[in-house]
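Heads up: the structure comes next, in structure tokens.
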Amino acid sequence: MTTIRRLYVLLCGFEIIPKTISTRDLGGRFILSEPICAYLLYTTTGWVLLDCGVNPRNLREPARLRTHYLDHGITPPIVRAEHEMERQFAEIGIGFGDVSHVILSHLHFDHSGYLRHFTHARISIQRRELDFAFGGQTSFAYIQDDYDDPALNWRPMDGDWEAQPGLTLLDTRGHTEGHQSAVIELPNSGSVILPFDAGDLQENFDREILPGESCDDAAALASIRRLKRITAERDGRMILFHDPVAIQQTRLAPEFYD
Ligand SMILES: [Zn+2]
């Protein structure tokens, strides 16, 4: 039995990046425009948010823009009005206050930007990711200011865990120290696998190509293979977080999968 009723895919903006960020050592001449997503679940016990976009303040305020992007030679993400989370929530008919549980794949800046809006919710994450993010050894991909808020209710988890019937999180360490992915069971659509950054593009799974960044290459490859295996076993579908082609065939909020 599943408690999940609807899956909404939120398109929260685009990152303009060399392809090697997604495919290790492959395609460095190509600059991709990769989507940034978040996922909202309507369940029998309330609303659950998986990941939460980029912080618009870091794009709007010149000092933050410089510190977090320009000084590192990174092109700032593109977030238009239609990508803003407030607006997408409003189109669905809810507000941030309706979300009682936020689950984070990892704490890179394109996954944790709206966290400060969810101090009323519990925030589940792998303990290893949390320890790494606060450990002082992070790269520019972590914007500590976005997640370092004493008002946040962290709930650290260890390994695979079930959030509620029909929503399982898988330990997919490799891209980062504590990366996790999700498997969702929907009443009509069946199994949906959300890899997040375990593999950005379809190519990462088809050809088993490592992500550009990893903390452990063997673990990153094992995570790609594990997600492929689970998708095949359950006859499920993957919904990719960063694939610029697949996103155009994905049903976007306010439409949903049920
Ligand atoms: Zn990442």
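Counting starts at 1 for both ligands and their atoms, in listed order.
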Name all residues meeting the side chain to side chain donor-acceptor pair (under 3.5 Å) criterion together with Asp149; count only those two or more places apart in sequence or in a different chain, and write none if there are none. Arg116
At distances under 2.8 Å, what protein N, O or S atoms surround the Zn ion (ligand 1)? His106 NE2, His108 ND1, His175 NE2, Asp197 OD2
I'd like to know if the side chain of Arg122 pairs up with that of Asn153 as donor and acceptor (distance under 3.5 Å, no hydrogens or angles considered). no
Can you check side chain to side chain donor-acceptor pair (under 3.5 Å) on His101 and Ser124, steps first, answer last? CA-CA 8 Å; His101 192 188; Ser124 298; 2.7 Å; yes
Between Phe134 and Tyr147, is the ring centre distance below 6.0 Å? yes
Sequence neighbours excluded - salt bridge (charged side-chain N to carboxylate O under 4.0 Å, His left out) pairs with any residue from residues 234-252: Glu185-Arg234
Apart from Leu201 itself, what residues make up its hydrophobic cluster when side-chain heavy atoms of I, L, V, M, F, W and Y under 4.5 Å apart count as a link, directly or indirectly? Leu32
